[in-house]
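Following: one structure in structure tokens, then a few remarks.
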Amino acid sequence: MFGALPRRAAAALILALAAVSGPALAQSLDLSPEQPGRLRAEKDAAIAAALPKDFRFVEDGVLTVAVAPSQPPIATYADDARTVVGADPDLAQLVADVLGLKLKLVAVAWADWPLGLASGKYDAVISNVGVTEERKQRFDFSSYRKGLHGFYVKSDSPITAIREPKDITGLRIITASGTNQERILLEWNRQNQAKGLAPAELQYYDDQAAWGLAIQAGRADALFSVNASLAYQARDGSLKPVGTVSSGWPLDAETGITTRRGSGLADAFTAAINELIADGKYAGSLARWNLSAEAIDRSRTNPPGLPAF
């Protein structure tokens with residue numbers, strides 16, 4: 001799409017388009033199987049040459065990638081109920097392009113990816129897998145997106161920012177029981193109460209439809225959940241984001257392309273992602289799905305992972 005432009009000019013154009021079109025895309029994300037707006041990249045011979053010569057792909061010349069289509073806009077099924085689309089499938093296509101490979105997406109249940117990857121059913125997993133120290137004992141990672149939880153409020157709410165413990169004082173916040181989000185809120189309440197501040201009231205509902213009804217009816221002040229999921233729900237304008245927190249708070253968390261440990265693929269994937277960051281296609285791709293807040297500045301191979309909490 002931008003192959004005729006110099007690299008810096010192409011990057012600037014993509015970033016400008018992302019800045020202008022992001023709000024509109026948030027209103028009407030494209031779930032068609034054709035995906036006409038999907039960005040594509042050209043092969044980079046030097047990066048492709050970094051692929052290990054002795055690695056045996058599931059299919060010659062094909063990058064077989066597992067993805068769990070269960071969490072829009074990260075990955076979901078298109079309108080035809082068969083084609084997998086979303087931010088992670090877009091990244092998979094771009095990385096395959098840079099490496100000069102065809103892409104084959106394999107839809108899997110999220111819980112099944114470790115065994116499938118270890119047994120060689122696919123070459124990589126691109127499915128919102130967080131980098132942890134425990135997982136690094138079995139897998140290699142090429143980081144590609146921040147792990148974020150988001151605070152969202154009703155679109156006409158007077159609340160403008162929730163980013164640190166003091167900001168939740170006295171608020172009624174909906175979250176899910178037993179989640180990392182609940183862990184963060186409980187710790188923030190503990191810190192606030194130690195300082196003499198009122199705790200937030202945590203509310204729990206059976207499903208996300210009930211969340212939305214409670215917010216719109218004024219029975220709660222804010223939602224706190226996976227940022228990508230709430231960004232998807234906010235596309236109709238009923239909600240607005242007011243802050244994000246690392247899913248590993250107080251540590252930073254990242255998701256990564258996941259490959260078998262020692263396969264040799266991770267460095268080539270990391271180089272491909274950094275090429276996409278440099279030419280702007282990475283930013284443009286995230287903007288398509290209203291996930292610009294989760295962009296990273298640089299991909300790393302096996303960055304520090306989260307410990308067990």
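- Between L99 and D44, every side-chain heavy-atom pair lies at or beyond the 4.5 Å cut-off.
- When atom types are taken as modelled, the side chain of R260 and the backbone of L117 share a donor-acceptor pair closer than 3.5 angstrom.
- A donor-acceptor pair is defined here as one N or O able to donate and one able to accept, closer than 3.5 Å; such a pair exists between the side chain of K240 and the backbone of S157.
- With hydrogens and angles left out, the side-chain atoms of S238 and S155 include no donor and acceptor closer than 3.5 Å.
- Residues R300 and F141 form no side-chain contact, since every pair of their non-hydrogen atoms from C-beta on lies 4.5 Å or further apart.
- Side chain of D140 to backbone of N302: no donor-acceptor contact under 3.5 angstrom is found.
- Without hydrogens or angle criteria, N290 side chain to Y232 main chain gives no donor-acceptor distance under 3.5 Å.
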Distance-only donor-acceptor hits, side chain of residues 61-79, under 3.5 Å, sequence neighbours excluded:
| unit_1 | atom_1 | unit_2 | atom_2 | d |
| --- | --- | --- | --- | --- |
| Q71 | OE1 | N128 | ND2 | 3.4 |
| Q71 | NE2 | S229 | OG | 3.1 |

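- S246 places a side-chain N or O within donor-acceptor distance of the main-chain N or O of G248, the cut-off being under 3.5 Å.
- Taken from CD1 in I126 to OG1 in T259, the straight-line distance is 10.0 Å, to the nearest 0.5 Å.
- Between A176 and E182, the closest heavy-atom pair is O-CB, 3.6 Å.
- Side chains of L286 and R145 form a contact here, defined as non-hydrogen atoms less than 4.5 Å apart.
- Under a hydrophobic-cluster definition in which Ile, Leu, Val, Met, Phe, Trp and Tyr are linked whenever side-chain heavy atoms come within less than 4.5 Å, directly or via other members, F55 and V58 are assigned to different clusters.
- The CD1 atom of I296 lies 4.0 Å from the OG atom of S143; values are rounded to the nearest 0.5 Å.
- Judged purely by atom type and a 3.5 angstrom limit, W110 uses its side chain to pair as donor or acceptor with the backbone of S127.
- In this structure, the side chain of T83 does not engage the main chain of A81 through any donor-acceptor pair within 3.5 Å.
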Checking side chain to side chain contact (heavy atoms under 4.5 Å, CB included) for the pair R183/T179: CA distance, chi angles, key distance, verdict? CA-CA 7 Å; R183 174 190 69 82; T179 62; over 6 Å; no

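- Across all their heavy atoms, G264 and P52 have their closest contact at O-CD, 3.4 Å.
- Both L103 and F269 belong to a single network of hydrophobic side chains, linked directly or stepwise wherever heavy atoms of I, L, V, M, F, W or Y lie under 4.5 Å apart.
- Rounding to the nearest 0.5 angstrom, the gap separating the OG atom in S225 from the CG atom in N180 is 11.0 Å.
- E133 and Q137 form no side-chain donor-acceptor contact under 3.5 Å, judged by distance and modelled atom types alone.
- Between the CG atom in L91 and the CG atom in L39 there is a gap of 11.5 Å [rounded to 0.5 Å].
- The environment of K136 atom NZ is dense: over 12 non-hydrogen atoms of other residues, nucleotides or ligands sit within 6.0 angstrom.
- Between the side chains of Y144 and D88, at least one donor-acceptor pair of N or O atoms lies under 3.5 Å.
- Taking 4.5 Å as the limit, some side-chain heavy atom of F57 sits within range of a side-chain heavy atom of L51.
- Closest of all the heavy-atom pairs between V98 and A41 is CG2-CB, 3.9 Å.
- With 3.5 Å as the limit, one finds no donor-acceptor pair spanning the side chains of N189 and Q193.
- Here CD of E164 is found 9.5 Å from OG1 of T169. Values are rounded to the nearest 0.5 Å.
- Counting heavy atoms of neighbouring residues, nucleotides and ligands inside a 6.0 Å radius, atom CG of D207 exceeds 12 of them.
- Side chains of D167 and F151 form no contact here, defined as non-hydrogen atoms less than 4.5 Å apart.
- In this structure, the side chain of R172 engages the main chain of R219 through a donor-acceptor pair within 3.5 Å.
- Side chain of S285 to backbone of Y282: no donor-acceptor contact under 3.5 angstrom is found.
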- Check step by step if side chain to side chain contact (heavy atoms under 4.5 Å, CB included) holds for T255 and V129. CA-CA 5 Å; T255 60; V129 179; 5.9 Å; no

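- Between D221 and I159 there is a side-chain heavy-atom pair separated by less than 4.5 Å.
- L171 and V245 fall within the same hydrophobic cluster, defined by Ile, Leu, Val, Met, Phe, Trp and Tyr side-chain heavy atoms under 4.5 Å apart, directly or through other members.
- Relative orientation of the W249 and W188 rings is perpendicular, given thresholds of 30° and 60° on the angle between their planes.
- Follow the hydrophobic side-chain contacts under 4.5 Å out from V84 and you reach W289 in the same cluster.
- Taken from OG in S247 to CG in L306, the straight-line distance is 6.0 Å, to the nearest 0.5 Å.
- Taking both residues in full, the closest heavy atoms of I47 and E275 are given as CD1-CB, 3.8 Å, listed atom of the first, atom of the second, then distance.
- Looking only at side-chain heavy atoms (C-beta outward), P89 and R38 come within less than 4.5 Å of each other.
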**Study point:** Criterion salt bridge (charged side-chain N to carboxylate O under 4.0 Å, His left out) on E254 and K146, from CA distance to verdict
**Key:** CA-CA 4 Å; E254 293 183 334; K146 295 177 183 176; over 6 Å; no

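- V131 and V125 end up in the same hydrophobic cluster when Ile, Leu, Val, Met, Phe, Trp and Tyr side chains are linked at under 4.5 Å.
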Checklist entry - Is there a side chain to side chain donor-acceptor pair (under 3.5 Å) between D267 and T270 once you walk through the steps? => result CA-CA 5 Å; D267 285 341; T270 298; 5.1 Å; no

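- Residues Y152, I174, W211, I215, L223, L230, L239 make up the rest of the hydrophobic cluster containing Y205, defined by ILVMFWY side-chain heavy atoms closer than 4.5 Å, directly or through other members.
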For D297 and I277, what are the C-alpha separation, side-chain angles and deciding distance, and is it a side chain to side chain contact (heavy atoms under 4.5 Å, CB included)? CA-CA 7 Å; D297 295 327; I277 291 172; over 6 Å; no

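- Contact check for I184 versus H149: side-chain heavy atoms found under the 4.5 Å cut-off.
- For the residue pair D80 and P33, the shortest heavy atom distance occurs at OD2-CB, 3.3 Å.
- Scanning all heavy atoms of the two residues, the minimum distance from D90 to R288 falls at OD2-NH1, 2.6 Å.
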Kindly indicate, with the supporting measurements, whether the criterion side chain to side chain contact (heavy atoms under 4.5 Å, CB included) is fulfilled by T160 and V242.
CA-CA 6 Å; T160 59; V242 292; 5.6 Å; no

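- Panel note: side chain Q35, backbone D30; a donor-acceptor pair is recorded below 3.5 Å.
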